[in-house]
Novice: 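Sharing a structure, written as structure tokens. Questions coming.
Counting starts at 1 for both ligands and their atoms, following the listed order. Residue numbers count from 1 along this sequence. A quick note: this is a predicted structure, and the numbers were derived from the prediction, not measured.
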Amino acid sequence: MARVLVTGGCGFIGSHLCQALVSRGDRVRVLDDLSTGLEENLMPGAELIVADVGDPDALARAMEGMEVCFHLAAVASVERGVRDPRGTHRVNLSATVGVFDEARERGVTVVYASSAAVYGDLDVLPIVEDAPTRPLSAYGADKLGCEQHARVAGVAHGVRTAGFRFFNVFGPRQDPRSPYSGVISIFCERLSHGQPVTIFGDGGQTRDFVAVGDVVAALLAGERVASRGAPVFNVCTGRSTSVLELAGTIAEVCGVRADIRFEVARSGEIRRSLGSRARGRDVLGLAEPRALRAGLEDVIAWMRAGRPGLRVREEVGVSR
Ligand code: NAD
Ligand code: UD2
């Protein structure tokens, strides 16, 4: 039974990770400010500290007695970084430097979320981890900064880390309600209600959509390979889907005809994103990823069930 801290554990990916950790018998503590996460996504059996991960006192309290920290708390939106680069930088990079520093004090291993946004728009696909990193957004630049600080924390201070460059993650409990939500959650929500969807640009832009269960499997494997060498891994499927194709497939799963409107492309938009999963397969032993259509069916089923969280709202084990 490991003692594990999950920052951002009430969020989309964090809640799935906590579910896996509690199920395998770990003692799980969550640090989350509930800015985008929901208390009803707190896994029963996990302890919750409601605080800002950038607050050094709260972080020290949260890390006390822990062996591993999964650091997922972030402003997980490229668009928010465009509008407020200073505010998102404080959470996405400065707070991560704090996590590595606290981990060094306490001998804690850190497994953290990076992003495919570190690569920017590359010509050579699929993208391997050794490809150049040329982020096109503040969000991507901050995630790359996290990786650089992980390396320094390892080399200079002996902190064991592993970083994961998630491509476009989707699944149940991804919030569809903000205009900055992931495209799959927005399209599933709208098409399942027979509403039109908006495509930014011509819809020919492509993404590598990875199901959240595959992300959890990668993070759990990351614990084993975390080292002072600060390894990084893609979390992807190696399959490319255009946004237009995606709208068509979701409409099919929902049993409706897609009503699509087109608007100008977003600024800093990446045209093609496709990851290589070779390192994850060979080093972490990751299995064949879930098929897109099967993953979309999971999302639609969750939406049709009324978007349940992991528990009913109750005040158990919460400190603020
Ligand atoms: P999410 O918004 O659902 O989860 C983020 C969680 O962090 C939320 O529970 C939020 O309340 C919490 N949080 C935010 N700021 C905080 C702060 N200052 N202090 C404490 N808690 C804070 O997003 P997600 O999609 O689950 O993302 C999890 C991680 O994965 C993030 O680091 C994100 O950048 C990364 N990531 C996500 C994707 C994706 O496609 N969803 C892709 C690449 C990387
Ligand atoms: C980036 C990162 C991803 C993650 C995410 C966090 C890349 C390749 N991906 O995802 O890893 O960090 O940011 O936010 O860097 N779209 C529409 N209509 C909509 C919504 C989106 O057309 O209503 C398009 C959007 O313009 C983009 C695609 O769908 O081309 C995917 O958008 P997204 O916001 O889901 O994620 P993206 O690729 O910005």
Novice: Give a yes or no on whether a salt bridge exists between Asp298 and Arg290, defined as a side-chain N under 4.0 angstrom from a carboxylate O.
Specialist: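 Arg290 and Asp298: salt-bridged.
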Novice: Check each heavy atom of Ser77 against ligand 2 and say whether those closer than 4.0 Å belong to the side chain, the backbone, both or neither.
Specialist: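 Just the backbone.
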Novice: Please work out whether any backbone atom (N, CA, C, O) or any side-chain heavy atom from C-beta onward of Glu79 is under 4.0 Å from ligand 2, and answer side chain, backbone, both or neither.
Specialist: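 Neither; no heavy atom under 4.0 Å.
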Novice: Which ligand 1 atoms does Leu72 reach within 4.0 Å, using its non-hydrogen atoms?
Specialist: 28 (C), 29 (C), 31 (C), 32 (O)
Novice: Donor-acceptor pair, distance only, cut-off 3.5 Å: does the side chain of Asp26 make one with the backbone of Ala2?
Specialist: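 The answer is yes, because a donor-acceptor pair under 3.5 Å joins these two groups.
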Novice: Which protein non-hydrogen atom lies closest to atom 3 (O) of ligand 1, naming both residue and atom, and how far is it?
Specialist: Phe12 N, 2.8 Å
Novice: Considering only the protein, which heavy-atom contact is closest to atom 15 (N) of ligand 1, and what is its distance?
Specialist: Ser35 OG, 3.5 Å
Novice: For Leu34, counting its heavy atoms only, list the atoms of ligand 1 lying under 4.0 Å from any of them.
Specialist: 11 (O)
Novice: Run the numbers for me: atoms of ligand 1, each under 4.0 Å from some heavy atom of Ala76, listed by number.
Specialist: 23 (O), 27 (O), 33 (C), 34 (O)
Novice: Is Ile13 touching ligand 1 with its side chain, its backbone, both, or neither, if touching means heavy atoms under 4.0 Å apart?
Specialist: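 Both backbone and side chain.
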Novice: Identify, for atom 1 (P) of ligand 1, the protein heavy atom at the shortest distance, and state residue, atom and that distance.
Specialist: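 The protein heavy atom lying closest is Thr36 OG1, 3.8 Å.
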Novice: Geometry only, no angles: is Asn168 polar-contacting ligand 2 at N/O separations under 3.5 Å?
Specialist: yes
Novice: Can you find an N/O atom of Phe187 closer than 3.5 Å to an N/O atom of ligand 2?
Specialist: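 N/O-N/O distance under 3.5 Å: no.
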Novice: Heavy-atom distance to atom 13 (N) of ligand 1: which of Leu31, Ile49, Asp33 wins?
Specialist: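 Comparing heavy atoms across Leu31, Ile49, Asp33, the nearest one to atom 13 (N) of ligand 1 lies in Asp33.
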Novice: May I ask you to identify, for Tyr139, whether its side chain, its backbone, both or neither come under 4.0 Å of ligand 1 on a heavy-atom basis?
Specialist: side chain
Novice: Can you check ring pair (Phe, Tyr, Trp, His ring centres under 6.0 Å) on Phe100 and Tyr112, steps first, answer last?
Specialist: CA-CA 10 Å; Phe100 293 142; Tyr112 65 96; 5.6 Å; yes
Novice: Please check: side-chain N/O of Glu252 versus main-chain N/O of Arg257, any donor-acceptor pairing under 3.5 Å?
Specialist: no
Novice: Could you tell me whether Val78 approaches ligand 2 through its side chain, its backbone, both or neither, with non-hydrogen atoms closer than 4.0 Å?
Specialist: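 The part of Val78 near ligand 2 is both the backbone and the side chain.
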Novice: Taking CZ in Arg190 as the centre, count heavy atoms belonging to other residues, nucleotides or ligands within less than 6.0 Å. Is the count above 12?
Specialist: yes
Novice: Among Val4, Ile49, Leu48, whose side-chain contact (heavy atoms from CB on, under 4.5 Å) with Arg29 holds?
Specialist: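 That would be Ile49.
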Novice: Just checking Phe12 against Phe170, ring centres under 6.0 Å apart?
Specialist: no
Novice: Atom 4 (C) of ligand 2: which protein heavy atom is closest, and how many Å away?
Specialist: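 Of the protein heavy atoms, Ser115 OG, 3.9 Å lies nearest.
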Novice: Only heavy atoms count here, so choose which of Tyr139, Tyr119, Phe200 is nearest to atom 19 (C) of ligand 2.
Specialist: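 It is Phe200 that holds the nearest heavy atom.
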Novice: Heavy atoms only, cut-off 4.0 Å: how does Arg165 contact ligand 1, side chain, backbone, both, or neither?
Specialist: neither
Novice: Between the candidates Arg266, Arg80, Arg190, Arg261, which shows the shortest non-hydrogen contact distance to atom 25 (C) of ligand 2?
Specialist: Arg266
Novice: So between Val183, Asp202, Thr198, Thr206, whose heavy atom ends up nearest atom 18 (N) of ligand 2?
Specialist: Thr198
Novice: Which residue and non-hydrogen atom of the protein lie closest to atom 6 (C) of ligand 2, and at what distance in Å?
Specialist: Ala76 O, 3.4 Å
Novice: Just jot down the ligand 1 atoms closer than 4.0 angstrom to any heavy atom of Asp52, in number order.
Specialist: 17 (C), 18 (N), 19 (N)
Novice: Which residue supplies the protein heavy atom nearest to atom 8 (C) of ligand 2, what is that atom called, and how far is it?
Specialist: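 For atom 8 (C) of ligand 2, the nearest protein heavy atom comes out as Ser273 OG, 3.4 Å.
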Novice: Of the side chain and backbone of Ala51, name the one, both, or neither that has a heavy atom under 4.0 Å from an atom of ligand 1.
Specialist: backbone
Novice: Could you point out which residue of Val215, Val30, Leu219, Val22 forms a side-chain contact (heavy atoms from CB on, under 4.5 Å) with Leu17?
Specialist: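 The residue from Val215, Val30, Leu219, Val22 that satisfies side-chain contact (heavy atoms from CB on, under 4.5 Å) with Leu17 turns out to be Leu219.
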Novice: Students should be able to answer this: which protein heavy-atom is nearest to atom 28 (C) of ligand 2, and at what distance?
Specialist: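 Going by distance alone, atom 28 (C) of ligand 2 is nearest to Val243 CG2, 3.8 Å.
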